[in-house]
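Before any comments, here is the structure.
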Amino acid sequence: MSEKLIDQIKQPSDLKNLDKKELKVLADELREIIVNTVSKNGGHLSSNLGVVELTLALHKCFSSPEDKIIFDVGHQSYVHKILTGRYENFSSLRQIDGISGFQNKEESIHDPFTQGHAGTALSQALGIAEANKIKGSKAWSIAVIGDGAFTNGMVFEAINNCTNRDVNLIIILNDNEMSISPNIGGIHHHFNRLRTSSGYLGFKRGLTNFLENIPLLGKPLYKLIKLMKNGMKRLLVGRNIFDCFEIGYLGPVDGNNIKKLTTLLKEAKKRENEITLIHVKTLKGKGYAPAEKEPSKYHGVSKFDKNVVIDDCPSESFSTVFGHLLVEKAKKDEKICAITAAMKEGTGLSEFASTFKDRFFDVGIAEEHAITFAGGLSYSSLKPVCAIYSTFAQRSYDQLFHDITLQKLPLVLVLDRCGIVPSDGITHQGIFDYSIFSTLRNTLIFAVDTYEELDKYLDLSLNSSTLSIIRIPKGQETCYQELNYPLIDKGDYKVSTNFEKATSLVLTYGRIAKEVILALKEIDDNNIAFVKMNKIYPLDIELYKNLFEGKNNLYIIEEGIKSGGYGEKVSSLVEENNISCKVKIRALNEYVEHGSVEELWERHGLSKECIIKFISEK
């Protein structure tokens, strides 16, 4: 017999014969593996520790990949990955060419979709369930959704579409922070205990079968009893939101108790051609004391010493500096408001939230609502500042078009995590925002890579009459003094001191400017000048004509997607205005996976060495 149970689990079916005691041992082993790996590689800790028993119960009761298990967001799927043949590679979590930190369909047949954004799982699962029905399959579709995701409107669109659907679909509501339905007194707890007991469920199933088999009177009698039972339940306990959508409800149940979980999952499986929601209550961070005590601190972490509690003080970064700058400006201007979408800490707005409680709004995972809500504030002469990660802001395009720019309303949108974002990978890269949002009229886009630039363009944006987008990267500012590469400040752009005499020009913006400068220093050719733009949309035709005058070669280097990007816009400007210089663009042409920034720059042609080769090629 193997020393550890986990060594025996090569595929989910290996769980089927494990007893209660063995599953408890396996749960402890899984937690140890997750803590050890995340402490070395970084990752999402609290949420994964909380769903160990839930994931074990799902794989014990269902048969993946025939039954599809979809984790909403997908960052809580570490246990699922380990149990589905990826244990031996789990140490490579979030490393380049290693295991993704989210469900990833390229990685395993057990991952139906590549996940990364909240609110998608139920729509996907319902689609699969309907497809199974059309094909005559009895397979199950399971969506695991955290309570936080219920702030996302797409979840409610899907729930609304679940009404009167006769499909094999189970919704797992993983409630680990806020209560969806408030607990009301002892009767509520008494009925919960009854509903989660195997005796109660067995009796209920037996009574249903007995009544439905009575000729003529059976089914009407069953429906009458069910109506009376539901009426009494609503009178004593209250109606939960899922009743309104006619979705069967089981729970709440202790989501860290495998026996109770398997009881309810087996009951749900008996309800063929029905949609059932199981409300489970899990403890985030379970099994690792620091994460249990402060789960939000251990939600998404960089590598850490598992024997030392993580420091409360965040290191200085663009996010923290932005938050502090906004507080200082709001002290002088009472019209300034801050809005975020469930990312208060991540976008640096904790200080603002505590300083100006009446002017801070966390709208939950609802980027679309955040923008239109900001439009209402803007219409009322306030100065809303929305801070959203670049990858999540993609969802808000229609609102920015219809509810902001079309209305000609001012709004400051601070896009955090722009450019390549390392370990979260393919769904989280901030490389599409320029291509997407530069199609909007009445819009300004700025790219900054120093705190001084951030301060300058935040002031400018707060006094603008249009939508102003400020792109900031993850991490700290570029220190140009350390680079020893003198630049002349021209307002919305900076140029190298050899600009006037050079016949070739390298044009870029944002954080990648540092790599470009390092490359140019090594090339050491005084005939090649450098320009770093801060205002990158709209393009000032006369400015660019002057910049390119006398230049034979133009190299554009961009840490963003090429299609529709800054480089292509500049190239079109050159062509349309008959500017006589040869243009070469180095930008991203594909989705970018996970890895360190440096590794990904090297792989996608943006490292110093790659830039040297790009500029030197004839």
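Residue numbers count from 1 along this sequence. Only a predicted model underlies this, so the values are computations on that prediction, with no experimental measurement involved.
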Problem set entry | Donor-acceptor contact below 3.5 Å, side chain Ser390 vs main chain Arg417 | no
Problem set entry | Any donor-acceptor N/O pair, Gln115 side chain to Asp72 backbone, under 3.5 Å | no
Exercise. How are the rings of Phe392 and Tyr389 set relative to one another: parallel (under 30°), tilted (30 to 60°) or perpendicular (over 60°)?
Worked result: parallel
Problem set entry | Side-chain (Thr355) to main-chain (Phe352) donor-acceptor, under 3.5 angstrom | no
For this session: Mind listing the closest non-hydrogen atom pair of Asn104 and Asp111 along with its distance?
Result: N-OD2, 2.9 Å
For this session: Report, as yes or no, whether the 6.0 Å neighbourhood of atom CD on Glu609 holds more than 12 heavy atoms from other residues, nucleotides or ligands.
Result: yes
Exercise. Counting heavy atoms not belonging to Ile523, are there more than 12 under 6.0 Å from its CD1?
Worked result: yes
Problem set entry | From Lys105 atom NZ to Thr114 atom OG1, the distance as rounded to the nearest 0.5 Å | 6.5 Å
Exercise. Gly116 and Thr427: which non-hydrogen atoms are nearest, and at how many Å?
Worked result: CA-OG1, 3.4 Å
For this session: Taking the side chain as every heavy atom from C-beta outward, state whether Lys562 and Glu568 have any pair of such atoms under 4.5 Å apart.
Result: yes
Problem set entry | Whether Ser496 side chain and Tyr485 backbone form a donor-acceptor pair below 3.5 Å | no
Exercise. Within the distance-only criterion (no hydrogens, no angle test), does the side chain of Tyr555 pair as donor or acceptor with the backbone N or O of Ser504 below 3.5 angstrom?
Worked result: no
For this session: For Lys40, check salt bridge (charged side-chain N to carboxylate O under 4.0 Å, His left out) against everything at least two apart and list the hits.
Result: none
For this session: Decide side chain to side chain contact (heavy atoms under 4.5 Å, CB included) for Ile512 and Glu558; before the verdict, give the C-alpha distance in whole Å, the side-chain angles of both, and the deciding distance to 0.1 Å.
Result: CA-CA 7 Å; Ile512 200 65; Glu558 180 174 13; over 6 Å; no
Exercise. Within the distance-only criterion (no hydrogens, no angle test), does the side chain of Glu367 pair as donor or acceptor with the backbone N or O of Arg395 below 3.5 angstrom?
Worked result: no
Problem set entry | Beyond-backbone contact of Leu45 with Tyr78, side-chain heavy atoms, under 4.5 angstrom | no
Exercise. Is the count of non-hydrogen atoms from other residues, nucleotides or ligands lying under 6.0 Å from Lys456 atom NZ greater than 12?
Worked result: yes
For this session: For side chain to side chain contact (heavy atoms under 4.5 Å, CB included), just list the numbers for Lys490 and Leu543, CA-CA rounded to whole Å, side-chain angles, deciding distance to a tenth of an Å, and then say yes or no.
Result: CA-CA 11 Å; Lys490 295 286 189 176; Leu543 169 62; over 6 Å; no
Exercise. Does Asp449 pair with Lys514 as a salt bridge, N-O distance under 4.0 Å?
Worked result: no
Exercise. Hey, does the side chain of Ser464 reach the backbone of Leu460 with a donor-acceptor pair shorter than 3.5 angstrom?
Worked result: no
Exercise. Minimum heavy-atom separation for Leu547 to Leu505, with atom names?
Worked result: O-CD2, 4.0 Å
Exercise. Are side-chain N/O atoms of Thr503 and Asn527 paired as donor and acceptor at under 3.5 Å?
Worked result: yes
For this session: Give a yes or no on this: more than 12 heavy atoms of other residues, nucleotides or ligands lie within 6.0 Å of atom CD1 of Ile109.
Result: no
Exercise. How about Lys613: does its NZ atom have over 12 heavy atoms from other parts shown lying under 6.0 Å from it?
Worked result: no
Problem set entry | Near-ring test His428/His594, centroid separation under 6.0 angstrom | no
Exercise. Salt bridge check: are Glu453 and Lys532 linked by an N-O gap of less than 4.0 Å?
Worked result: yes
Exercise. Just wondering, do Glu593 and His604 contact through their side chains at under 4.5 Å, heavy atoms?
Worked result: yes
Exercise. Shortest non-hydrogen contact from Ser438 to Gly564?
Worked result: OG-O, 3.9 Å
Exercise. What's the spacing between Glu575 CD and Cys581 SG if we round to 0.5 Å?
Worked result: 11.5 Å
Seminar exercise, completed: Here the gap from Ile585 atom CD1 to Ile557 atom CD1, rounded to the nearest 0.5 Å, amounts to 11.0 Å
Exercise. Hey, does the Lys NZ or Arg CZ of Lys584 hover above the aromatic six-ring of Phe614, less than 6.0 Å from the centre and inside 45° of the axis?
Worked result: yes
Seminar exercise, completed: Rounded to the nearest 0.5 Å, the CD atom of Glu590 sits from the CD1 atom of Ile561 at a distance of 8.0 Å
Ignoring hydrogens and angles, write down the donor-acceptor pairs under 3.5 Å from the side chains of residues 92-101, residues two or more places apart or on other chains.
from	atom 1	to	atom 2	distance (Å)
Ser92	OG	Asn89	O	2.6
Ser92	OG	Ile99	N	3.1
Arg94	NE	Gly42	O	3.1
Arg94	NH1	Asp424	OD1	2.7
Gln95	NE2	Leu93	O	3.3
Asp97	OD1	Arg603	NH1	2.8
Asp97	OD1	Arg603	NH2	3.2
Asp97	OD2	Arg603	NH2	2.8
Ser100	OG	Phe102	N	3.1
Ser100	OG	Phe102	O	3.2

For this session: Taking the side chain as every heavy atom from C-beta outward, state whether Leu325 and Tyr451 have any pair of such atoms under 4.5 Å apart.
Result: no
Exercise. Side-chain contact, heavy-atom cut-off 4.5 Å: Leu520 with Ile615?
Worked result: yes
Exercise. Would you call the rings of Phe401 and Tyr397 parallel, tilted or perpendicular if under 30° counts as parallel and over 60° as perpendicular?
Worked result: parallel
Problem set entry | Side chain proximity check, Glu515 to Glu559, heavy atoms < 4.5 angstrom | no
Problem set entry | Backbone of Ile365 reached by a side-chain donor or acceptor of Asn152 within 3.5 Å | yes
Exercise. Is Lys306 reaching over with its side chain to a backbone N or O of Val35, donor-acceptor style, under 3.5 angstrom?
Worked result: no
Problem set entry | Side-chain touch Gln429/Thr391, heavy atoms, less than 4.5 angstrom | no
Problem set entry | Pairwise distance CG(Leu411) to OG1(Thr443) - rounded to 0.5 angstrom | 9.5 Å
Problem set entry | Axial cation check for Tyr457 ring with Lys535, 6.0 Å and 45° limits | no
For this session: Please report the C-alpha distance between Thr347 and Asp416 in whole Å, then the side-chain angles of each, then the deciding distance to 0.1 Å, and finally whether the side chain to side chain donor-acceptor pair (under 3.5 Å) criterion is met.
Result: CA-CA 7 Å; Thr347 57; Asp416 206 324; 5.8 Å; no
Problem set entry | Phe318 ring center near Phe322 ring center (under 6.0 Å) | no
Exercise. Rounded to the nearest 0.5 Å, how far does CD of Glu345 lie from NE2 of His299?
Worked result: 10.0 Å
Exercise. Any side-chain heavy-atom pair from Leu518 and Leu483 closer than 4.5 angstrom?
Worked result: yes
For this session: For residues Lys474 and Arg511, report the shortest heavy-atom separation together with the two atoms involved.
Result: O-NH1, 3.6 Å
For this session: Look at the side chain of Gln103 and the backbone N and O of Phe71, then say whether any donor-acceptor pair between them is shorter than 3.5 Å.
Result: yes
For this session: Might you point out which heavy atoms bring Asn48 and Ser77 nearest each other, and give the distance in Å?
Result: OD1-N, 3.3 Å
For this session: Could you please spell out the steps behind the side chain to side chain contact (heavy atoms under 4.5 Å, CB included) verdict for Ile371 and Cys386?
Result: CA-CA 7 Å; Ile371 297 300; Cys386 280; 4.1 Å; yes
Problem set entry | Lys329 vs Asp455, side chain to side chain contact (heavy atoms under 4.5 Å, CB included): CA-CA, chis, key distance, verdict | CA-CA 10 Å; Lys329 295 178 193 308; Asp455 190 11; 2.6 Å; yes
